[in-house]
Amino acid sequence: MKTLITLVLAYALTMAIGFLLYIGLIRSPLLSDVGILFYRGIIIAGLAALLMLIAGLLLRHRPRLDHPTLVGAIALSLSFNICFLITFPVTFDRSITMFLLARIERHDGALDTARLEQLYVREYLGDMRQIDRRVAEQTLSGNIRIDQGRIHITPQGRRLLAGGRMIGGWFGADPRFVTAPSPAPRH
């Protein structure tokens, strides 16, 4: 029982330290030139895990952690940090729902759906230039390419959509986000 408690404490402490280190590195100017939050977050999560591994190897004799426990605890910490990144900051950064909720909060009770849609078009698509932002991100990610001002899907982008359709299907997600309707026939 003592071994189990020690193991749980080692994992919990490593996760807590790893999360605090991760938040500290994210809040720092480290890699601030990486303009896509997801990519910056993944790189920093990896760096935090690497720093923890180095520190753990240097200090492993103090708390007497064996290598498998150290590696397992750091892997769990890395996994938690990446899950946190994807679940919260990246979702909030890309979320139309959060944008709409913030506008509803600002104009509490003064909006109807038509006015909310107008705010969305003017602010989210217009002032915040979210289409330009997404085109730049997806170009950088390799999912699209621009040729003579026209946007083309790349093979990587097609694979991303196919994977999104498959995984979305497993969870019953709305397929309209990953499958565009067929163009209307021309007369």
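Quick caveat, the model's predicted, so the values are computed rather than measured. In what follows, every heavy atom counts, from backbone to side chain, and hydrogens, waters and symmetry copies are set aside.
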Trainee: Does one hydrophobic cluster hold both Ile82 and Leu51, with members joined at side-chain heavy-atom distances below 4.5 Å?
Mentor: yes
Trainee: How about Arg94 and Arg134: do any of their side-chain heavy atoms sit closer than 4.5 Å?
Mentor: yes
Trainee: Out of curiosity, Ile26 CD1 to Leu31 CG, how far, rounded to the nearest 0.5 Å?
Mentor: 8.5 Å
Trainee: Report whether Ile96 and Ile104 are members of the same hydrophobic cluster (ILVMFWY, side-chain heavy atoms less than 4.5 Å apart, transitive linking).
Mentor: yes
Trainee: Please name the pair of heavy atoms, one in Leu53 and one in Val71, separated by the smallest distance, quoted to 0.1 Å.
Mentor: CD1-CG2, 4.4 Å
Trainee: Quick one: does Phe99's side chain get under 4.5 Å of Met128's, heavy atoms only?
Mentor: yes
Trainee: Which pair of heavy atoms, one from Gly46 and one from Leu78, lies closest together, and at what distance?
Mentor: N-CD1, 3.9 Å
Trainee: State, to 0.1 Å, how close Leu76 and Met15 come at their nearest heavy-atom pair, and which atoms those are.
Mentor: CD2-SD, 3.4 Å
Trainee: Using the side-chain contact (heavy atoms from CB on, under 4.5 Å) rule, take Ile44 and Val34 through it: C-alpha gap first, then chi angles, then the decisive distance, then the call.
Mentor: CA-CA 11 Å; Ile44 289 178; Val34 177; over 6 Å; no
Trainee: Look only at the side chain of Arg40 and the backbone of Leu30, and say whether a donor-acceptor pair between them is shorter than 3.5 Å.
Mentor: yes
Trainee: Measuring only between side-chain heavy atoms, which start at C-beta, is Asp93 closer than 4.5 Å to Phe38?
Mentor: no
Trainee: Taking the side chain as everything from C-beta on, heavy atoms only, tell me whether His152 gets closer than 4.5 Å to Ile144.
Mentor: no
Trainee: Are Arg103 and Asp108 close enough for a salt bridge, meaning some N to O gap below 4.0 Å?
Mentor: no
Trainee: On a heavy-atom basis, which atom in Ile151 and which in Val135 lie closest, and how many Å separate them?
Mentor: CD1-CG2, 3.9 Å
Trainee: Please report the interatomic distance OG(Ser28) to CD1(Ile23), rounded to the nearest 0.5 Å.
Mentor: 11.0 Å
Trainee: Could you measure the distance from the CG atom of Leu100 to the CD atom of Glu117? Nearest 0.5 Å is fine.
Mentor: 10.0 Å
Trainee: Could you tell me which non-hydrogen atom of Ala48 sits nearest to which non-hydrogen atom of Leu21, and how far apart they are?
Mentor: O-CD2, 3.6 Å
Trainee: Under the side chain to side chain contact (heavy atoms under 4.5 Å, CB included) test against Val90, which residue among Ile42, Ile36, Leu37 passes?
Mentor: Leu37
Trainee: With a 4.5 Å cut-off on side-chain heavy-atom distances among I, L, V, M, F, W and Y, is there a chain of contacts connecting Leu13 to Leu4?
Mentor: no
Trainee: For the pair Thr139 and Arg145, evaluate side chain to side chain donor-acceptor pair (under 3.5 Å) and give the outcome as yes or no after the intermediate values.
Mentor: CA-CA 6 Å; Thr139 300; Arg145 66 178 173 76; over 6 Å; no
Trainee: Less than 4.5 Å apart, any side-chain heavy atom of His67 and any of Leu57?
Mentor: yes
Trainee: Heavy-atom distance under 4.5 Å between the side chains of Asp112 and Leu116, does that happen here?
Mentor: no
Trainee: Between Tyr120 and Tyr124, what is the ring plane arrangement, given parallel below 30°, perpendicular above 60°, and tilted in between?
Mentor: parallel
Trainee: Could you check if a side-chain atom of Ile131 sits within less than 4.5 angstrom of a side-chain atom of Leu125, using non-hydrogen atoms only?
Mentor: yes
Trainee: Looking only at non-hydrogen atoms, find the nearest pair between Tyr22 and Gly41 and report the distance.
Mentor: OH-O, 3.1 Å
Trainee: Check whether any side-chain heavy atom of Tyr39 sits under 4.5 Å from a side-chain heavy atom of Ser141, and report yes or no.
Mentor: yes
Trainee: Got a donor-acceptor contact below 3.5 angstrom from the Arg165 side chain to the Pro175 backbone?
Mentor: no
Trainee: Which distance, rounded to the nearest 0.5 Å, do you find between the CD of Gln156 and the CG of Leu161?
Mentor: 11.0 Å
Trainee: If you measure from CG on Leu7 to OG1 on Thr3, what distance do you get to the nearest 0.5 Å?
Mentor: 8.5 Å
Trainee: Thr69 vs Tyr11, test: side chain to side chain donor-acceptor pair (under 3.5 Å). Steps then yes/no.
Mentor: CA-CA 8 Å; Thr69 300; Tyr11 273 71; 5.5 Å; no
Trainee: Examine Phe80 and Val8 and state if one hydrophobic cluster contains both, with Ile, Leu, Val, Met, Phe, Trp and Tyr joined whenever side-chain heavy atoms are less than 4.5 Å apart.
Mentor: no
Trainee: Check whether any side-chain N or O of Thr14 sits under 3.5 Å from a backbone N or O of Ile74 as a donor-acceptor pair, and report yes or no.
Mentor: no
Trainee: Begin from the C-alpha positions of Leu119 and His107 and carry the test side-chain contact (heavy atoms from CB on, under 4.5 Å) through to its verdict.
Mentor: CA-CA 11 Å; Leu119 282 173; His107 302 279; 3.9 Å; yes
Trainee: Are Phe171 and Ile86 connected into the same hydrophobic cluster when the rule is that any two of I, L, V, M, F, W, Y join if their side-chain heavy atoms are below 4.5 Å apart?
Mentor: no
Trainee: Taking the side chain from Ser77 and the backbone from Ala16, do they hold a donor-acceptor pair closer than 3.5 Å?
Mentor: no
Trainee: Any side-chain to backbone donor/acceptor pair from Ser32 onto Pro29? Under 3.5 Å, distance only.
Mentor: yes
Trainee: Can you tell me how far the CG atom of Leu25 sits from the CG atom of Leu20, to the nearest 0.5 Å?
Mentor: 11.0 Å
